[in-house]
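These notes concern the structure reproduced below.
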Amino acid sequence: MLTVFLIFFPLLISVLLLVLKPAHAKVWALAASIIELAASLFVAYSFDKNGGLQYFVNVPWIDSLGLSFYVAIDGISLLLVLLTTVLVPFIILSSFGHQYEKPSTFYGLILMMQMALVGVFTARDGLLFYLFWEAALIPIYFICLIWGGAERGRITLKFFIYTLAGSLFMLVALVYLYFLTPGEHTFNIYALYDAGAALGPYPQALIFWAMFVAFAIKMPVFPFHTWQPDTYTNAPTQGTMLLSGIMLKMGIYGVIRWLLPLVPLGVKEWGLTAVIISVIGIIYASCIAIVQKDLKRLIAYSSIAHVGLISAGIFTLSETGIQGAMIQMISHGILVVALFFIVDIIQRRTQTSELIKLGGIRNAAPIFTTVFIIVMLGSVALPSTSGFVGEFLLINSLVQYKFALGIVAGLTIILGAVYMLRSFQQSMSGEANAITATFTDLTGHEKLVLYPIVLMIIVIGVYPAPLLDISESAVKNIVEIYSNYSASVK
Amino acid sequence: MNRSDLYSLTPLLILSSAAILNFFSISIKRNHKVIFAITVLSLIGDFIFLTSYSLYHQQHIDPLLVVDGFGIFNIGLILLTTLVVALMSYAYFEQREERKEEYYILLILAALGACIMVISKHFVSFFLGLEVLSVSLYSLIAYLRTRERSDEAGIKYLILAAFSSAFLLFGMSLIYATTGKMDFGGIGYYLTTTQDIPLIMMAGLGMLIVGAGFKLGVVPFHMWTPDVYEGAPTPVTAFIATVSKGGMIALLVRFFNAINGYQYESFTNLFTVLSIASMFVGNILALRQTNLKRILAYSSISHIGYLLVAFLSGGSMGAQATTFYLVAYFITTLGAFGIIATLSDQHRDAELIDDYRGLLWRRPLTAVAFSAMLLSLAGIPLTAGFIAKFYVITAGIGTQHWLLVFCLVVNSVIGLYYYIKIIAVMFDQKLQIKSAKELHPLVYVISSVTIAVLAVFLFWLGVSPEGMLSLIDDVI
């Protein structure tokens with residue numbers, strides 16, 4: 001029942017906000033997201049990490065379509081639900097410096113987004129997963145459309161069409177598998193696993209691509225990334241945070257849960273291709289990030305590079321790779337939210353995010369500079385920050401998979417250091433100009449967002465074991481399902 | 001004709017009497033309110049009467065009609081649709097100078113024609129229903145005769161509909177020449193006795209498809225659609241898009257099941273071509289339009305293409321998918337045109353995309369409702385449009401129509417472009433437009449409530465379609 005609460009509580013508050021339009025919408029939203037956080041922490045506290053599926057609810061919804069409301073939490077789901085519930089309060093809090101028009105709609109949409117995200121991470125029914133997957137698109141689309149930057153009409157259109165195009169093919173693949181389930185057809189995930197694994201290599205390859213493209217667009221992996229930099233740059237900061245911090249993890253989660261065990265032969269055949277394009281994406285995006293002049297765009301590209309590494313690690317199909325992906329998803333989510341908030345702070349005070357117009361902020365705002373340094377170091381994976389644990393595991397898994405690919409992917413750390421340090425140097429140090437000389441240091445709500453995040457970056461970096469423990473048995477399970485099927489075919 | 005025949009025909013009798021009552025009422029005194037009340041009440045009354053039938057009701061009124069569950073369901077759908085059209089017409093016509101009263105008579109007669117079509121099992125009743133519908137539509141389309149494009153649309157429809165009727169009649173006569181039968185059952189029986197279809201009969205069936213194709217507006221018989229949609233008064237456009245096309249689809253389903261048309265590859269191939277062509281042509285032509293009514297016209301062409309995917313899947317799954325798609329499409333289309341109608345003023349319809357720029361800031365609820373309608377047309381989850389499209393995809397995959405499913409998915413993506421573009425325009429920044437409102441606000445309440453109810457249905461069917469699905473399952 002707690003799962004149902006986690007999904008529908010944000011929706012309830014969201015509807016209340018949209019309908020009643022109370023005066024202090026942001027306070028309501030913040031309170032709701034904190035209650036949600038508390039509930040998810042309780043789930044984490046009482047979670048048995050070797051207990052498999054927990055907190056499950058399975059009730060039929062639309063019988064004639066084989067749809068049931070089947071949600072459950074295992075280690076993988078729990079980590080991502082936690083990521084969502086931890087980040088949303090920070091995202092809401094980070095907006096306190098803005099005066100958005102129609103605030104109740106804005107916060108209502110954020111909470112609606114949270115509902116869909118928690119749904120995606122817990123759904124165990126193919127069609128339900130698809131419904132939540134699409135439901136997540138609607139609020140973020142409107143957030144970007146109503147409160148976005150100057151070119152929002154064109155950019156959100158591209159974003160919407162891209163992501164929906166991908167998922168429609170996923171829907172077709174799911175329906176195809178649905179018809180292969182025995183007896184009364186069902187979208188139950190385990191029935192779909194069996195149906196998928198029973199197929200020959202050719203249909204499996206088709207399904208692999210239909211699903212992979214949907215996930216690859218969401219992440220986004222090269223060459224499906226072209227919507228991403230524009231959308232990230234144009235969206236309001238909170239939209240960018242939702243997109244990069246949480247929504248992108250839907251794609252990665254999709255690969256882990258809805259691709260690897262679903263079509264093992266397809267994955268076996270095309271896994272290497274997926275790793276290669278992911279690695280190409282890492283290098284490609286890093287190189288573009290190096291020459292970016294705009295800080296927000298730079299972070300957008302760095303996000304593509306990081307996601308490329310995660311995706312490559314998953315397709316090594318090893319426990320190390322997937323565990324690395326799990327911890328890196330958490331770390332990336334926290335870091336990217338912090339980075340975009342830092343950009344937001346700079347933008348609000350200087351009205352620009354172009355590196356060339358900045359510089360010398362460190363003299364005026366020492367605390368801000370320190371926070372930026374820590375977040376940046378986390379992002380370049382310095383040991384004892386959260387970024388290090390994930391990247392280490394991921395690169396380790398790639399080296400074991402194909403040595404050469406591991407080396408190339410390892411370049412991401414060097415390239416990452418280049419663009420992050422350069423951006424830091426250009427914005428923070430150097431001569432101050434007329435605008436940056438009067439840069440005010442962090443204020444109330446900004447501290448409330450950034451201090452806990454910095455703390456998390458360090459704590460996870462020093463002691464990641466509890467998080468790794470949570471997902472360990474679930475990841476083992478996925479790897480096992482995959483290897484059993486592909487072994488049984490041999 | 002005995003008593004139970006009469007009982008089964010009562011819905012048609014109620015409609016006819018309503019038309020006559022309207023006549024008398026006009027001859028006594030012209031009063032928009034009274035006519036409107038008579039129309040609405042008789043449509044509601046008729047629908048309530050309809051619910052007294054059992055779902056398994058089956059009454060053959062030989063040789064012309066059969067009143068069965070499928071027919072009753074479709075009559076119900078037509079009545080409710082006509083009711084919605086009538087409700088949205090009041091505000092639309094109240095602000096105009098023309099004589100408004102005859103409009104309702106024509107509307108009722110058109111609905112009557114469509115009702116006859118969906119229960120006919122004989123060429124004569126089919127043609128009779130079709131002509132009653134078409135002739136009413138000629139005058140309905142050109143009703144606002146002082147507007148510049150009104151005559152053009154009316155004449156265009158007149159010529160092409162007459163043309164298609166000629167095709168239909170010729171096709172029917174060729175079939176009659178071969179089989180000696182005019183009722184669907186008889187033709188079906190004849191076909192079971194022969195191995196190959198004779199060439200003349202083939203030609204006859206082909207002409208039937210041409211005639212039906214014109215009515216449905218499938219490619220390549222779609223030329224009239226955008227012009228007529230644009231020129232007709234908005235409520236009439238809504239009526240054409242829904243009742244007129246839906247009636248024909250229901251008839252096709254009945255006819256094809258009676259003659260078991262799915263076994264003939266030549267027909268299924270023909271419909272496959274029509275379906276794919278309609279999807280692509282409709283969607284691609286809609287991309288560059290700036291007139292909302294034209295966009296919806298092209299979109300309706302592509303939606304008929306999607307519908308044909310379900311139709312082609314055949315069997316009970318196909319029939320269910322077709323019917324559900326019709327219901328969802330009716331709701332969505334009525335909602336969309338209803339909103340256009342409420343935003344129209346006395347001189348022109350709100351048909352340009354630019355009329356909707358920044359609508360969110362002027363009329364937030366209308367903008368949200370319109371977005372919901374557009375998202376449903378695009379097939380986004382939690383709307384009726386999604387369940388309908390999902391059902392069509394399911395039916396297509398279940399019967400291994402991979403090409404059709406693939407085209408459907410590609411076209412859904414193309415379609416997104418123009419639906420989402422409209423939403424983006426509505427959510428654009430504020431513009432200072434002062435809309436001239438002269439009527440009593442109560443007039444708009446009717447339209448607003450109608451649209452709100454449609455929007456509720458839209459989400460209700462999207463979230464919990466089980467009731468509607470099982471109802472459709474029962475009647476098929």
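The model shown is predicted, which means the values in this text are computed figures rather than measured ones. Chain letters run A, B, ... following the sequence lines, proteins first and then strands; every chain starts at 1.
Against chain B, the residues from residues 157-169 of chain A that qualify, each with a non-hydrogen atom under 4.5 angstrom away, are Leu157(A), Phe160(A), Ile161(A), Leu164(A), Ala165(A), Leu168(A), Phe169(A) in number order. Residues of residues 204-214 of chain A lying within less than 4.5 angstrom of chain B, judged on heavy atoms, are absent.
Atoms CD1 and CG, on Ile387(B) and Leu131(A) in that order, are 7.0 Å from each other to the nearest 0.5 Å. Here the OH atom belonging to Tyr141(A) is positioned 10.0 Å from the CD1 atom belonging to Ile380(B), to the nearest 0.5 angstrom. Here Leu127(A) contributes atom CG and Phe390(B) contributes atom CZ; the two are 4.5 Å apart, rounded to the nearest 0.5 Å.
You'll find the side chain of Ile138(A) stays beyond 4.5 Å of the side chain of Leu382(B), heavy atoms only. By the 4.5 Å heavy-atom criterion applied to side chains, Trp361(B) and Ile146(A) are counted as neighbours. Looking at Ile62(A) and Ser464(B), their side chains never come closer than 4.5 Å, going by heavy atoms from C-beta outward. Side-chain contact check for Asp63(A) versus Leu469(B): every heavy-atom pair is 4.5 Å or farther apart.
Residue Phe457(B) places its CZ atom among 12 or fewer non-hydrogen atoms of other residues, nucleotides or ligands, all under 6.0 Å distant. Heavy atoms of other residues, nucleotides or ligands lying less than 6.0 angstrom from CH2 of Trp402(B) number more than 12.
Between Phe386(B) and Tyr130(A), the angle of the ring planes stays under 30°, which puts this pair in the parallel group of the 30/60° scheme.
Both the backbone and the side chain of Ile420(B) come within less than 4.5 Å of a heavy atom in chain A. At a 4.5 Å heavy-atom cutoff, Arg154(A) makes no contact with chain B through either its backbone or its side chain. With a threshold of 4.5 angstrom between heavy atoms, Phe179(A) approaches chain B through side-chain atoms but not through N, CA, C or O. At a 4.5 Å heavy-atom cutoff, the contact between Val409(B) and chain A is made by backbone and side-chain atoms alike. Interface residue Ile423(B): backbone and side-chain heavy atoms are both found under 4.5 Å from chain A. No part of Leu67(A) comes within reach of chain B, as not one of its non-hydrogen atoms sits under 4.5 angstrom from that chain.
In terms of the salt bridge (Lys or Arg N to Asp or Glu O under 4.0 Å) criterion, residue partners of Arg294(B) (sequence neighbours excluded) are, by chain and number, Asp227(B), Glu230(B). By the side chain to side chain contact (heavy atoms under 4.5 Å, CB included) test, Leu287(B) is found to be paired with Ile414(B), Tyr417(B), Tyr418(B), residues two or more places apart in sequence or in another chain being considered.
A distance-only check finds a donor-acceptor pair linking the side chain of Trp61(A) to the backbone of Val463(B) [under 3.5 Å].
Gly153(A) and Ala424(B) make their closest contact through CA-CB, 4.5 Å (heavy atoms, listed as atom of the first residue, atom of the second, distance).
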Quick one, Val172(A) with Phe406(B), criterion side-chain contact (heavy atoms from CB on, under 4.5 Å). Give me CA distance, side-chain angles, the key distance, then yes/no. CA-CA 9 Å; Val172(A) 171; Phe406(B) 181 76; over 6 Å; no
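Residues Phe427(B) and Trp147(A) keep their aromatic ring centres 6.0 Å or farther apart.
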